Amino acid sequence: YPTWKRTLARQARESQMKRFCRAQAIQRRLEEIEVTFRELEQQGIKLEQLLRAENESPADLQTQWTNQLLHLVQKKNNLISEESDLMIAVQELKLEEQQCQLDQKLRSYMNKQVTLKTPEDEKVEQEILKQLLEVVNKRDVLIDLQEEKRLSEL
């Protein structure tokens with residue numbers, strides 16, 4: 001088993017573990033965002049009830065409650081934006097994994113000696129290459145989407 005094949009296999013395993021760890025971190029953060037959403041919703045409901053029920057309360061107290069409510073809405077919007085970024089990252093991880101798998105398949109076909117390749121092997125190799133290009137194009141679209149989102153937030 002040549003050294004370069006062992007090196008490629010080790011690098012593939014390492015990159016797979018990194019993607020797995022990133023996916024776990026993203027999943028944890030999405031769960032945290034969901035919990036925070038629920039907490040913000042509860043706080044917002046309480047503030048709304050206070051604003052509607054206490055018509056006789058002092059104006060400065062109503063202003064304070066309104067400001068708190070607006071602050072909650074801003075927090076919620078920030079969380080929605082972060083959740084959107086995380087969902088894009090999840091899609092990117094999936095495409096990255098798919099690209100890695102296709103790359104490994106393509107390498108196995110390309111490593112075959114030309115004299116041993118059947119027309120079917122060449123056909124499969126071309127199909128894998130086509131799929132690989134599609135995945136790369138999808139990743140490029142995601143990167144463009146992230147850049148547009150970043151620019152719109154500025």
Side-chain angles (χ1 to χ4, degrees), residues 1-49 51 65-154:
Y1 206 63
T3 304
W4 65 271
K5 283 187 179 182
R6 285 193 306 265
T7 303
L8 284 177
R10 181 178 41 79
Q11 287 174 345
R13 282 191 309 272
E14 286 174 1
S15 65
Q16 186 177 22
M17 283 304 297
K18 285 180 186 177
R19 284 191 300 274
F20 180 72
C21 290
R22 280 180 43 209
Q24 282 185 322
I26 289 170
Q27 184 63 37
R28 273 193 305 274
R29 184 60 189 141
L30 285 171
E31 290 169 0
E32 289 171 3
I33 287 173
E34 180 138 352
V35 168
T36 307
F37 268 149
R38 281 191 239 120
E39 291 171 359
L40 291 176
E41 285 289 326
Q42 292 303 314
Q43 291 174 10
I45 289 170
K46 288 178 186 174
L47 285 172
E48 239 181 278
Q49 288 172 347
L51 282 169
W65 290 336
T66 304
N67 287 337
Q68 287 177 352
L69 191 60
L70 290 174
H71 183 69
L72 289 177
V73 169
Q74 184 180 16
K75 279 184 176 180
K76 188 175 177 183
N77 287 340
N78 290 340
L79 287 174
I80 289 171
S81 177
E82 183 181 356
E83 184 180 41
S84 169
D85 290 341
L86 290 173
M87 295 309 290
I88 290 172
V90 166
Q91 289 176 336
E92 193 173 346
L93 280 174
K94 286 179 183 177
L95 290 173
E96 204 174 303
E97 178 66 28
Q98 192 177 359
Q99 182 178 350
C100 185
Q101 290 172 355
L102 288 170
D103 191 41
Q104 287 176 347
K105 282 183 187 177
L106 185 62
R107 284 180 192 273
S108 69
Y109 279 100
M110 292 177 82
N111 286 335
K112 267 189 177 178
Q113 291 181 6
V114 178
T115 55
L116 298 177
K117 283 186 184 178
T118 65
E120 185 179 308
D121 287 341
E122 291 179 10
K123 205 178 201 181
V124 171
E125 186 178 329
Q126 289 302 314
E127 182 60 33
I128 291 172
L129 186 59
K130 181 181 171 187
Q131 291 174 355
L132 190 58
L133 288 173
E134 288 174 8
V135 169
V136 169
N137 287 335
K138 287 178 184 177
R139 287 184 69 192
D140 189 45
V141 167
L142 281 179
I143 290 169
D144 289 343
L145 181 66
Q146 284 177 320
E147 184 64 20
E148 285 177 25
K149 189 173 184 292
R150 186 186 67 78
L151 290 175
S152 70
E153 287 175 355
L154 291 176

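What you see is a predicted model; the values in this text were computed from it and never measured.
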*Can you list every pair that meets salt bridge (charged side-chain N to carboxylate O under 4.0 Å, His left out) and has a residue in residues 7-18, with sequence neighbours left out?*
R10-E14
*Report the distance from atom CD of E127 to atom CG of L106, rounding to the nearest 0.5 Å.*
11.5 Å
_Return the CG to OG1 distance between L8 and T3, rounded to the nearest 0.5 Å._
11.0 Å
_Looking at I80, is its backbone amide N or carbonyl O close enough to the side chain of S84 to form a donor-acceptor pair, meaning the two atoms are under 3.5 Å apart?_
no
*asked:* Does anything in residues 114-125 form a side-chain hydrogen bond (donor to acceptor under 3.5 Å, both in side chains)? List the pairs, not counting sequence neighbours.
replied: K112-D121, K117-E125, T118-D121
*Please answer whether the main-chain N or O of V136 pairs with a side-chain N or O of D140 as donor and acceptor at a distance below 3.5 Å.*
no
Please set out all donor-acceptor pairs under 3.5 angstrom arising from side-chain atoms of residues 26-39, sequence neighbours excluded.
{"from": "Q27", "atom 1": "NE2", "to": "E31", "atom 2": "OE2", "distance (Å)": "3.4"}
{"from": "R29", "atom 1": "NE", "to": "E82", "atom 2": "OE2", "distance (Å)": "2.7"}
{"from": "R29", "atom 1": "NH1", "to": "E32", "atom 2": "OE1", "distance (Å)": "3.0"}
{"from": "R29", "atom 1": "NH2", "to": "E82", "atom 2": "OE1", "distance (Å)": "2.9"}
{"from": "R29", "atom 1": "NH2", "to": "E82", "atom 2": "OE2", "distance (Å)": "3.4"}
{"from": "T36", "atom 1": "OG1", "to": "E32", "atom 2": "O", "distance (Å)": "2.8"}

*Can you tell me how far the CZ atom of R139 sits from the CD1 atom of I143, to the nearest 0.5 Å?*
6.0 Å
*Nearest 0.5 Å, what's the CD-NE2 distance between Q43 and H71?*
9.0 Å
*Taking C-beta and beyond as the side chain, do Q146 and D85 meet within less than 4.5 Å on heavy atoms?*
no
_E147: which residues meet the side-chain hydrogen bond (donor to acceptor under 3.5 Å, both in side chains) condition with it, sequence neighbours left out?_
R150
*Measure the CD1-OG distance between I128 and S108 for me, rounded to the nearest 0.5 Å.*
6.5 Å
Donor-acceptor list for residues 88-98 side chains, cut-off 3.5 Å, not counting sequence neighbours:
{"from": "E97", "atom 1": "OE1", "to": "R19", "atom 2": "NE", "distance (Å)": "2.8"}
{"from": "E97", "atom 1": "OE1", "to": "R19", "atom 2": "NH2", "distance (Å)": "2.7"}
{"from": "E97", "atom 1": "OE2", "to": "Q101", "atom 2": "NE2", "distance (Å)": "3.1"}

*K76: partners by salt bridge (charged side-chain N to carboxylate O under 4.0 Å, His left out), with sequence neighbours left out*: E41
*Closest approach of L72 and L40, non-hydrogen atoms and distance?*
CD2-CD2, 3.4 Å
_Using 0.5 Å steps for rounding, measure from the CD atom of E134 to the NZ atom of K138._
6.5 Å
